[in-house]
Amino acid sequence: MAIGPGFRQQQRQTQKLAMTQRLQQSIQMLQFNVEELRDFLTQKALENPLIDVDTNWNSNHTSLSAAKNVSAHADFIERVSTTNQHSLFEYLLDQIHLTMRDTKLRKIVLHLIEYVDVNGYLKVDEQQVMTEMGATPIELLDAITLLQQLDPPGVGARSLQETLMLQTESDDTAPNLAYIILEENFDNLVNRQWERLAKQYQVTLADISSVYDYVRTLSPTPGAAIGQETTGYIFPDLVVTNQHGQLALKTASMAQPVVKFQAHYYQQMSRHMDQELTEYLKEKKSEYDWIASSLQQREATIFRVGSVIIERQAAFFLQTTTELSPLLLRDVAQQLQVHESTISRSINGKYIQTDFGMFELKRFFTKAVSKRPADGKLVSADNVQHRIIDLINRENKEKPLSDQKIVQILKSEKVELSRRTVAKYRENLNIPSSSKRKQYLKTE
């Protein structure tokens with residue numbers, strides 16, 4: 001091929017980093033707060049039978065696996081509670097009024113929902129209902145069936161097995177064998193008697209595994225999400241203590257989810273000479289190794305960032321001052337030799353527990369807004385805002401300080417700021433303007 005004048009061929013070798021799905025998820029794991037990380041790992045455990053997650057905090061849910069003993073100390077938790085507007089009873093009542101005609105069966109269903117507990121289970125003596133409502137066994141069965149067709153799926157069940165069957169029945173995406181195995185061999189499925197099930201239904205072990213994985217995604221308490229108190233928790237990632245003037249930092253392991261490898265299950269299934277199953281186990285084992293490694297890296301990164309924060313803001317943690325020193329993401333990134341985005345993800349939604357309260361890590365980053373000419377010391381935005389609060393608290397309420405007057409006072413203290421910057425800080429502090437702060441005091 002001829003090359004025209006002024007043109008020439010060059011060979012260049014470049015390197016490109018492909019953003020794989022696992023790399024993306026590792027980045028996400030660093031950015032997650034404790035609760036988001038718990039949810040992410042719980043979902044991974046549902047998808048991967050080799051992974052078991054100890055979330056290290058109390059859950060009202062029971063599951064197919066053994067329940068875990070969890071403790072949550074008030075010192076490590078900030079709790080916010082809200083209550084949904086409608087209870088489960090009201091939610092079911094609205095559906096009955098909207099979907100059922102006024103018949104005897106409707107009256108029985110209305111009676112039955114009084115015996116549905118907060119988790120969605122029907123706790124009632126059926127003989128007693130037949131006596132109270134003058135119903136036949138067939139009428140009662142029809143009424144229970146109507147109740148179990150209401151939302152949420154699984155409501156009105158009388159056992160864990162039944163609620164899982166109801167949820168499977170209403171799900172078009174459920175594996176073909178899921179419902180029949182739940183109905184005929186619930187105990188064998190729970191106890192992982194997979195060889196027996198595979199032989200009975202003439203399918204592969206992988207087919208049984210997929211049924212088990214699906215069932216683990218179902219809710220054992222379908223009514224719990226409706227009308228119950230919703231509790232939000234803030235868990236710390238780090239804990240700092242003042243030990244006779246020396247600051248000690250550690251990871252708040254109590255709240256951190258722990259990933260465990262199901263070694264017994266892996267060894268049991270590895271004994272089977274099944275190529276499809278072997279590939280499946282290899283893939284799931286690889287995923288476990290990656291998650292365990294990513295968790296260790298996440299913890300180490302947050303700890304390193306926390307160590308720099310403790311070092312730079314030591315006076316605050318020692319309670320010798322309430323003001324913070326100037327600190328930028330760039331400063332920490334340069335010290336740790338990582339990208340600024342890594343620092344940003346490491347502090348996003350992360351908290352540190354101190355002897356005098358819990359603080360978000362972002363709280364300790366504040367830029368310098370001025371430098372005192374006398375000593376060259378940087379003055380942070382946090383320092384300035386504290387000073388503005390102090391000046392306004394001390395002002396004459398009949399003649400409050402204007403933003404320009406505050407600028408002049410700060411200038412006399414060798415802090416150079418514009419009036420616009422002072423106004424911005426005042427607004428950020430939710431302090432009204434001088435005209436709105438003015439008070440007319442009574443005179444004797």
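Note that the coordinates shown come from a computational prediction; the quantities given were computed from them, not determined experimentally.
- Residues forming a salt bridge (charged side-chain N to carboxylate O under 4.0 Å, His left out) with Arg345 (at least two apart in sequence, or on another chain): none.
- Checking Gln148 against Glu162 by side-chain atom types alone, a donor-acceptor pair falls below 3.5 Å.
- With hydrogens and angles disregarded, a donor-acceptor distance shorter than 3.5 Å links the side chain of Ser412 to the backbone of Ile409.
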Apply side-chain hydrogen bond (donor to acceptor under 3.5 Å, both in side chains) to the pair Trp290 and Ser294, showing each step before the final yes or no.
-> CA-CA 6 Å; Trp290 160 72; Ser294 296; 3.1 Å; yes

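- Here the side chain of Thr221 pairs no donor or acceptor atom with the backbone of Asn119 at under 3.5 angstrom.
- Here Asn48 pairs with Leu50, Ile51, Lys284, Glu287 under the side-chain contact (heavy atoms from CB on, under 4.5 Å) rule; sequence neighbours left out.
- Counting only residues at least two apart or in different chains, salt bridge (charged side-chain N to carboxylate O under 4.0 Å, His left out) contacts with residues 292-314 comprise Asp237-Arg298.
- With sequence neighbours excluded, no residue forms a side-chain hydrogen bond (donor to acceptor under 3.5 Å, both in side chains) with Arg420.
- Counting non-hydrogen atoms of other residues, nucleotides and ligands closer than 6.0 Å to CD of Glu276 gives a total of 12 or fewer.
- More than 12 non-hydrogen atoms from other residues, nucleotides or ligands lie less than 6.0 angstrom from CD of Gln193.
- Shown here are the ring pair (Phe, Tyr, Trp, His ring centres under 6.0 Å) partners of Phe261, two or more places apart in sequence or in another chain: Tyr266, Tyr288.
- Using modelled atom types, one finds no donor on one side chain facing an acceptor on the other under 3.5 Å when comparing Asp207 with Ser210.
- Distance check: Leu277 CG to Met269 CE gives 4.5 Å after rounding to the nearest 0.5 Å.
- Between the side chain of Thr145 and the main chain of Leu141, a donor-acceptor pair closer than 3.5 Å is present.
- Distance check, rounded to the nearest 0.5 Å: CD1 of Ile347 to CD1 of Ile302 gives 11.0 Å.
- When each of Val124, Leu122, Val109 is checked for a side chain to side chain contact (heavy atoms under 4.5 Å, CB included) with Ile144, only Leu122 meets the rule.
- Between Lys44 and the options Asp39, Val259, Val53, Ile291, a side chain to side chain contact (heavy atoms under 4.5 Å, CB included) holds for only Ile291.
- Note on Glu279 versus Lys282: no salt bridge recorded, every NZ/NE/NH1/NH2 to OD/OE distance being 4.0 Å or above.
- Between Ile181 and Pro175, the closest side-chain pair of non-hydrogen atoms is not below 4.5 Å.
- Taking the ring axis of Phe365 as reference, the NZ or CZ atom of Lys362 does not stay both within 45° of it and closer than 6.0 Å to the ring centre.
- Pairs of residues two or more places apart, or lying in two chains, never qualify as salt bridge (charged side-chain N to carboxylate O under 4.0 Å, His left out) while including a residue from residues 163-184.
- In this structure, Gln353 contributes its side chain and Ala252 its backbone to no donor-acceptor pair below 3.5 Å.
- With sequence neighbours excluded, the residues forming a salt bridge (charged side-chain N to carboxylate O under 4.0 Å, His left out) with Asp403 are Arg426, listed by chain and number.
- The backbone N or O of Leu182 lies less than 3.5 Å from a partner atom in the side chain of Gln161, making a donor-acceptor pair.
- Taking a 6.0 Å sphere around CG of Asn176, one finds it holds 12 or fewer heavy atoms contributed by other residues, nucleotides or ligands.
- In this structure Asn242 satisfies the side-chain contact (heavy atoms from CB on, under 4.5 Å) test together with Leu247, Leu318, Asp355, sequence neighbours excluded.
- Within the model, atoms CG of Leu41 and CG of Leu295 stand 5.5 Å from one another, a figure rounded to the nearest 0.5 Å.
- The environment of His97 atom NE2 is dense: over 12 non-hydrogen atoms of other residues, nucleotides or ligands sit within 6.0 angstrom.
- By the salt bridge (charged side-chain N to carboxylate O under 4.0 Å, His left out) test, Lys285 pairs with Asp289, sequence neighbours left out.
- Within the 3.5 Å criterion, the main-chain N or O of Asn348 finds a donor-acceptor partner in the side chain of Lys350.
- Qualifying side-chain contact (heavy atoms from CB on, under 4.5 Å) partners for Thr354, counting only residues two or more places apart in sequence or in other chains: Val240, Phe317, Phe356, Phe359.
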Yes or no on salt bridge (charged side-chain N to carboxylate O under 4.0 Å, His left out) for Arg363 and Glu360, after CA distance, side-chain angles and deciding distance?
-> CA-CA 5 Å; Arg363 167 78 174 78; Glu360 190 171 9; over 6 Å; no

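- Between Thr301 atom OG1 and Leu30 atom CG the span is 5.5 Å, to the nearest 0.5 Å.
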Chi angles and distances behind the salt bridge (charged side-chain N to carboxylate O under 4.0 Å, His left out) call for Glu126, Arg158 = CA-CA 11 Å; Glu126 296 182 7; Arg158 290 154 291 184; 2.9 Å; yes

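- Distance alone, capped at 3.5 Å, is enough to place a donor-acceptor pair between the Ser307 side chain and the Phe303 backbone.
- In this structure, the side chains of Gln262 and Pro49 stay at 4.5 Å or more apart for every pair of heavy atoms.
- Residues satisfying the side-chain hydrogen bond (donor to acceptor under 3.5 Å, both in side chains) criterion with Asn188, sequence neighbours excluded, are Asn185, Arg196.
- Proximity of a side-chain donor or acceptor of Gln31 to a complementary backbone N or O of Ser346 within less than 3.5 Å is not detected.
- Distance CG/Asp331 to CD1/Ile309: 11.5 Å, rounded to 0.5 Å.
- Of the candidates Tyr214, Trp194, Tyr280, Tyr280 is the only one forming a side chain to side chain donor-acceptor pair (under 3.5 Å) with Ser209.
- Residues Asn33 and Tyr351 bring no donor and acceptor atom of their side chains to less than 3.5 Å of each other.
- Remark: Glu427 pairs with no residue by the side-chain contact (heavy atoms from CB on, under 4.5 Å) rule, at least two apart or across chains.
- Counting heavy atoms from C-beta outward, Leu166 and Pro153 have side chains that stay 4.5 Å or more apart.
- The aromatic rings of Phe316 and Phe364 sit perpendicular, their planes meeting at an angle over 60°, well past the 30° parallel limit.
- Looking only at side-chain heavy atoms (C-beta outward), Val116 and Leu92 come within less than 4.5 Å of each other.
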